[in-house]
There are 2 protein chains.
Amino acid sequence: MSSSPRPGATRSTLAEVAAAAGVSVATAARALGSYGSVRPETADRVVEAARRLRYSRNGLARSMVTGRTHTLGAVVADIENPFFARAMRAFSDVAGQAGCQVLLSNTDEDVGSECAAVEVLQRRRVDGMLVAPASPVEVAHLHRVHRSGTPLVLLDRALPGLTADSVVIDNVLAGRLATEPLLAAGHRRIAMVTSADLDGPDDPRATPGLGRVVGYRQALRVAGVDVDDALVSTGDFRTASAEQRTHALLAGPHPPTALVTTDSSMTLGALRAVHARGLRIPDDVSLVGIDDADWLPVLDPPVSVVDQPAAQLGALAAGLLLRRLAEPGAPPVIRTLPVTLISRGSVGPPGLPGDH
Amino acid sequence: MSSSPRPGATRSTLAEVAAAAGVSVATAARALGSYGSVRPETADRVVEAARRLRYSRNGLARSMVTGRTHTLGAVVADIENPFFARAMRAFSDVAGQAGCQVLLSNTDEDVGSECAAVEVLQRRRVDGMLVAPASPVEVAHLHRVHRSGTPLVLLDRALPGLTADSVVIDNVLAGRLATEPLLAAGHRRIAMVTSADLDGPDDPRATPGLGRVVGYRQALRVAGVDVDDALVSTGDFRTASAEQRTHALLAGPHPPTALVTTDSSMTLGALRAVHARGLRIPDDVSLVGIDDADWLPVLDPPVSVVDQPAAQLGALAAGLLLRRLAEPGAPPVIRTLPVTLISRGSVGPPGLPGDH
DNA sequence: AACGGGTTTGAGAACGTTCTCATCTATTTG
DNA sequence: CAAATAGATGAGAACGTTCTCAAACCCGTT
């Protein structure tokens with residue numbers, strides 16, 4: 001079998017199918033849409049004509065009149081990030097089962113891109129929208145979406161003042177859970193490598209990163225350890241940034257004996273730096289990450305993490321969106337999913353300073 | 001700022017904006033669409049009215065008449081797979097720059113899902129479509145798409161008989177490049193862990209997996225090593241499958257001294273098995289993967305791979321699609337991107353059999 | 001033979017744009 | 001001062017469906 005495109009290929013319309021079957025457009029529509037009632041033989045004739053003419057229903061025209069596009073928008077930082085990849089995979093699986101497709105946008109944590117993406121999705125009349133907001137502050141566009149009546153669900157961070165459905169984890173708890181095993185092992189100089197921006201608002205729910213820093217500080221305080229802000233290394237969300245900042249931390253005069261990394265990019269960056277410096281985990285430096293990755297168990301030693309259920313988050317987000325499609329008046333909910341510490345082998349007792 | 005959704009929120013239309021601005025629909029359309037000619041003051045009045053009424057242009061209606069949806073479809077096996085994630089990220093970046101959005105579908109390598117996805121995209125009148133075909137045999141649906149005139153670009157495998165634009169790598173070469181360093185190190189029993197189905201057609205271009213097996217065999221033959229088909233472990237594309245099959249290979253009476261894995265899921269699976277058996281790389285078993293992953297360099301030892309330029313593949317695919325949108329008559333091209341061996345530290349001399 | 005109830009069908013409006021064409025106004029030119 | 005020209009505007013068709021409503025039809029009952 002071989003095929004070539006027909007450049008002047010003009011698609012056949014319902015009217016043409018109807019004419020070919022010798023019925024009216026209305027009847028053809030009924031036969032093909034399987035609604036209303038139509039005589040079986042007539043239906044067969046229509047279906048046959050449709051097949052012969054290679055009819056493909058125009059979804060745009062359909063959406064035009066039904067008001068439903070069966071499309072959900074998804075606006076996230078970066079689909080290449082395994083966390084979002086997993087969440088989006090689950091999101092689109094659940095959406096797909098309900099007959100919806102997903103229009104995907106990457107923002108690279110840029111509010112401008114997010115704004116534009118949301119606008120475009122709005123114009124395309126998506127039935128609903130999932131957003132993992134880049135900023136907890138610049139949210140006017142999200143309020144607009146919400147007010148316009150488009151179902152909206154927030155992923156990974158709830159926004160104070162925006163009563164939209166949200167699916168989040170307890171980031172403060174995640175930060176605490178990651179820090180505690182290090183404290184328990186005797187560490188006192190524990191650094192945090194994060195992409196959070198500490199200069200933002202104080203609400204720990206505002207951004208995942210911020211909440212995790214708060215949790216980290218809580219854990220330190222509870223253990224009676226002084227919080228040294230020089231040990232909290234902030235920067236952008238890229239692996240390269242984490243790598244470079246970990247180098248800086250470890251090269252300092254009074255380096256940390258343990259690291260907490262707040263997402264898998266940070267973890268990878270930290271590992272690269274540790275590797276490059278010839279340090280061993282956990283002998284020279286201990287490590288606990290937040291956000292699991294499938295390759296962390298095959299490291300030597302395997303890396304302990306606080307796992308966040310990315311797939312569940314995505315699936316739940318889709319579920320909430322679909323529910324709201326069905327009953328727009330339902331009260332908005334914020335669902336918090338549990339995080340769990342997975343102890344592997346990257347935590348040990350602190351080595352003597354300058355041991356390596 | 002706080003907001004709540006207006007349940008009965010009915011969107012304002014161009015007609016309403018026109019009425020509010022005291023002009024005709026045609027003029028309002030011109031003012032907002034910045035085409036034709038309209039007096040500046042009139043335009044201002046329209047823009048102001050649009051702002052006041054929170055007008056958002058209905059993209060569906062627009063597409064209806066222009067015949068363009070500014071949407072590209074993408075049908076791949078699994079967005080969670082880093083290879084596809086990288087390719088899709090690049091694809092949607094390039095598409096986005098050209099003002100197109102991406103409608104994404106996962107097929108899990110299932111032809112039925114692929115078929116359905118392609119159908120839906122067709123109905124939605126996407127401007128073009130990228131498909132990474134699940135099967136080199138069942139391709140009737142792809143021929144239909146191609147014949148219908150929808151621009152189509154094939155990712156990762158070219159289909160004999162389908163003269164569509166394709167973006168591929170030289171899989172035979174990849175298989176050879178992965179095998180050669182192992183042969184050079186002295187290995188004679190080299191196993192391959194792949195997701196390819198060996199019972200398919202013989203054309204090595206048909207599926208990536210098959211091509212890689214062919215390359216592997218070529219390399220062996222050139223080196224004068226007998227090809228033992230028991231060493232080629234086939235199965236599905238999941239990590240768990242690769243893990244289990246690697247166990248089986250290593251538990252055999254005459255186990256391989258080296259492994260080639262044909263994608264990053266296979267590599268991870270193999271690593272898990274090796275890890276679980278307490279074997280060391282490269283002392284007990286050597287390993288070369290196909291498809292790089294960002295975490296492979298931080299393993300101890302770092303794993304050597306044949307890298308395939310996923311991002312470039314995706315970007316190029318988008319480029320070809322956009323080009324074909326502009327000039328539908330252009331002759332179809334097959335672009336083959338280069339693969340390169342990245343030597344790290346997972347290849348050593350073969351240990352004595354039963355050494356461990 | 002007339003009637004009633006259900007099924008099957010068709011005509012045509014509606015969805016919200018874009019775009020062609022004709023009209024009308026202001027400006028320039030002979 | 002009339003005519004030509006360019007710019008600004010409006011009326012209305014078109015895109016391809018879905019869906020309401022009324023008409024036609026069929027069958028059994030009185």
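Just so it is clear: chains get the letters A, B, ... in the order the sequence lines come, proteins before strands, and each one is counted from 1. Predicted model only: the values in this text are computed from it and were never measured. Side chains included, hydrogens not; waters and symmetry mates left out as well; all remaining heavy atoms used.
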Problem set entry | Residue-phosphate contact under 4.0 Å: A/Thr42 side-chain N/O, C/dT9 OP1/OP2 |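 Yes, A/Thr42 has a side-chain N/O under 4.0 Å of OP1/OP2 on C/dT9.
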For this session: Please test A/His141 against A/Glu114 for side chain to side chain donor-acceptor pair (under 3.5 Å), starting from the C-alpha separation and ending with a verdict.
Result: CA-CA 9 Å; A/His141 53 295; A/Glu114 181 179 303; 2.8 Å; yes
Exercise. Got a sec: does the CZ of A/Arg45 have more than 12 other heavy atoms crowding it under 6.0 Å?
Worked result: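 Enclosed.
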Exercise. Any chance CZ of B/Arg335 has more than 12 other-residue heavy atoms, nucleotides or ligands included, within less than 6.0 Å?
Worked result: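 Result for CZ/B/Arg335: open.
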Problem set entry | Heavy-atom pair with the smallest gap, counting every atom of A/Tyr55 and A/Thr13 |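 Nearest heavy atoms, A/Tyr55 then A/Thr13: CE1-C, 3.6 Å.
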Exercise. Taking all atoms of both residues into account, what is the closest heavy-atom pair of A/Ala164 and A/Leu152, and its distance?
Worked result: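 Nearest heavy atoms, A/Ala164 then A/Leu152: CB-O, 3.8 Å.
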Exercise. Is the shortest distance from a Lys or Arg side-chain nitrogen in B/Arg51 or B/Glu48 to a carboxylate oxygen in the other one below 4.0 Å?
Worked result: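 Salt bridge between B/Arg51 and B/Glu48, a charged N being under 4.0 Å from a carboxylate O: yes.
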Exercise. Between the two ends of the helix from C/dA1-D/dT30 to C/dG30-D/dC1, what is the bend in degrees, rounded to 10 degrees, where each end axis spans five pairs?
Worked result: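 It works out to 60° between the end axes.
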For this session: Go through A/Arg125 and B/Ser56 one step at a time and tell me if the side chain to side chain donor-acceptor pair (under 3.5 Å) criterion holds.
Result: CA-CA 9 Å; A/Arg125 300 292 189 262; B/Ser56 156; 3.1 Å; yes
Exercise. Could you run down nucleotides 14-27 of chain D 5' to 3' and tag each one B, S or - for protein heavy-atom contact under 4.0 Å?
Worked result: -BBBBB--------
Exercise. Going through the distances and angles, do B/Arg52 and B/Ser12 end up as a side chain to side chain donor-acceptor pair (under 3.5 Å)?
Worked result: CA-CA 10 Å; B/Arg52 217 172 47 239; B/Ser12 54; over 6 Å; no
